[in-house]
Structures are given as structure tokens and as C-alpha cells.
Protein chains: 2
Amino acid sequence: MDSNKKFLNGTLNTIVLALLRENGKMYGYEICQLTKEKTDNKILLTEGAIYPTLHRLEKDGLIISSKEKVNGRTRKYYAINQSSLQEVESQIDLLSQFTGHLRSLLNLTT
Amino acid sequence: MDSNKKFLNGTLNTIVLALLRENGKMYGYEICQLTKEKTDNKILLTEGAIYPTLHRLEKDGLIISSKEKVNGRTRKYYAINQSSLQEVESQIDLLSQFTGHLRSLLNLTT
DNA sequence: GCCGAATACCTAATTCTCTTATGTATTATT
DNA sequence: AATAATACATAAGAGAATTAGGTATTCGGC
């Protein structure tokens, strides 16, 4: 059914980077919701995956966090670390190439 | 560089199934070589990954093996288990959908 | 006013796949 | 004769996601 889960491994890092680059800044919960909506419930990011990923990317210096209180709830926003922008672009490009190669290797058209 | 490695996780199963479905029967080493050629050295399958994968798929009943001696070397050919064909098609279809969703989510065009 | 759903964060134990490193054996190339 | 290529295999370790749990606030229905 929603077994897209098993394909996610390895790509989550780059999904997050790509969404942040496109949307400026986002918080964890928002990333999950947006992904869910944009893929028609097909790619479901779990909180147990997204938060460790965000922490990892921040530790690696690729993104930067800032807390904001909105409607009494604390949101932790993340944005691309501009000094790592090149590295980020490069990683996104690699994923793009990978999916391209994969689709041609497997003659996928969908 | 060839960091496509980190994207492979989870998709290897399905890559193997798709190649076997398309090519009738193949052996492990051949799958590695073909993948390397078809992706211009971008997707490199290692033997430590491919052989356990083939064993797993056979254990799960999705593929069937048969040994052949060619030029003094033993090849272990694998082919899709026809009674599992539907399951195999379904898995390939899922990967196809996943990469499609991924590319649209990330606005990938390459 | 209460209660469940939604929002929003977090972490730990376990599972699973891949990497890295080895090992064996035969044939082709230089 | 030595090295590369072919062809299989497995084991230890790393790393990421799943599963499952926890906290806390706000919104919506009744």
C-alpha cells in the first residue's frame, strides 16, 4: 500500500534540503504535512525520521534553526545555511541525477 | 563523487527485480556490470550488496536460481518466479511511482 | 466545560540494508 | 609469471528509518 516507506532510506536528507531551499524556511511538522499533500499521501514522513534528520543536518552545518512561538506553540524553523548553499545544491543535484539514472535503467515512464 | 551510494538503500531489491523481468535471466556479476554500463558508472552495485539481495529475494520466493558452468566458471542465474510475477510487477510499479512523486515534490527535471 | 483531534516537539530500542573487508577459485591479459 | 577480470560467498560494523513511547498546547464539536 503505502510501502513507499522502504524507498525513502537515504533520500530523506536531500528531500529536506530541497524543500528548505525552495521554501525559505520551514519547521519539521510543516515538512511532513507539505510532503504528504504534495504527493497525495504517497510519501509519508514520520516524526521519528524527520526530527533526527533535521538535527543531523544542523549538526553538519547545512541548515540553521531558530525558534518562534506561534499561537502559544513553539515552532523550530530551519533554513539553509547560506555558507553551505553550494554543498546543498550539489546534494540535490546528485539525487536528481540518481533518480534520472534509475528511471532510465529501469525504463520507468510513470 | 559517486555518492549515489547513499541513495541506493531500499531500491536495490526493486532494481534487481526490474532487470530480471526485462532480461529474462541474469547472474549477480552481470547485474552489477549492466547497471554500471547503463548508468555511465553512476550507479555502482557492490558485491557485498548484490549477493545478499539475490539470496533474500530467492528466500522470499520472488526469484529462482539455477547454476550453469560457462568457460569453467560457475554462474548462478536468477529469473523471476512466474508465480510471483504479479507481486514483482507491483513492486516495480511502486518504485516507479515513488521516483515520480519524488521528482515532482522536488521539482526535479534532470 | 470537556474531550478528542490536531499541532509541535523530542528520544530510545530495534530492525534492516548497505559498506567494508575478506576469502575462494578460474580464466584472460600482459 | 603476475595481475586483472570473472564469479561466487559471508561476516562485522555503520547508519538510517521504523516503531513506539513521551510532553505540551490549541482547536473544534457537543
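By convention in this document, chain letters (A, B, ...) are assigned in the order of the sequence lines, proteins followed by strands, and residues within each chain are numbered from 1. The structure displayed is predicted, hence computed values, not measured ones.
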Exercise for review: Give the first and the last nucleotide of DNA chain C, reading 5' to 3', that has any atom under 4.0 Å from a heavy atom of chain B.
Suggested key: C:dT17 to C:dT27
Review point. B:I15 versus B:I31: any side-chain heavy-atom pair under 4.5 Å?
Key: no
Review point. Quick check: are there more than 12 heavy atoms from other residues, nucleotides or ligands sitting under 6.0 Å from NZ of A:K36?
Key: no
Exercise for review: Look at the side-chain N and O atoms of B:Y51 and state whether any lies under 4.0 Å from the OP1 or OP2 oxygen of D:dA9.
Suggested key: no
Review point. Got a sec? Which of residues 73-81 of chain A come in under 4.0 Å of DNA chain C, heavy atoms?
Key: A:R73, A:T74, A:R75, A:K76
Exercise for review: Return the value, rounded to whole Å, for the distance between atom NZ of B:K36 and atom C1' of D:dA7.
Suggested key: 15 Å
Study note, to complete from the structure: Assign each of A:V70 and B:E30 the nucleotide of DNA chain D bearing its closest heavy atom; nearer the 5' end lies the nucleotide of B:E30
Practice item. Look at the side chain of A:N71 and the backbone N and O of A:R73, then say whether any donor-acceptor pair between them is shorter than 3.5 Å. Key: no
Review point. Contact class for A:G48 (heavy atom, under 4.0 Å): base, sugar-phosphate, or nothing?
Key: base
Check your understanding: So do A:T14 and A:I92 actually touch side chain to side chain, heavy atoms under 4.5 Å?
Key -> yes
Point to revise | Taking every non-hydrogen atom, the tightest pair across A:K25 and A:A79 | key: CB-CB, 4.1 Å
Revision key, fill the gap. In whole angstroms, the gap separating C1' of D:dG15 from CG of B:N9 amounts to 9 Å
Exercise for review: May I ask you to decide if B:L19's main-chain N or O and B:N23's side chain share a donor-acceptor pair within less than 3.5 Å?
Suggested key: yes
Review point. Rounded to whole angstroms, how far apart are CG on A:L8 and C1' on D:dT19?
Key: 15 Å
**Study point:** Residue pair A:R75 / A:Y29, side-chain heavy-atom distance below 4.5 Å
**Key:** no
Practice item. Round to a whole Å and report the spacing from CG of A:N13 to C1' of D:dG15. Key: 11 Å
Check your understanding: Over how many whole Å does the gap from B:L54 atom CG to D:dC8 atom P extend?
Key -> 8 Å
Study note, to complete from the structure: To the nearest angstrom, the NZ-P distance between B:K69 and D:dT6 comes to 19 Å
Study note, to complete from the structure: In whole angstroms, the gap separating P of D:dG28 from CG of A:N71 amounts to 11 Å
Check your understanding: Which residue, B:L62, B:L54, B:D60, B:T53, forms the side chain to side chain contact (heavy atoms under 4.5 Å, CB included) with B:N13?
Key -> B:T53
Review point. NA contact type, A:E47, heavy-atom cut-off 4.0 Å: base, sugar-phosphate, or nothing?
Key: base
Practice item. May I ask you to evaluate whether B:H55 reaches the phosphate of D:dT10, defined as a side-chain N or O under 4.0 Å from OP1 or OP2? Key: yes
Point to revise | Whole-Å gap separating C1' (D:dG15) and CG (A:L12) | key: 13 Å
Check your understanding: Under the salt bridge (Lys or Arg N to Asp or Glu O under 4.0 Å) test, which residues partner A:E47, sequence neighbours left out?
Key -> none
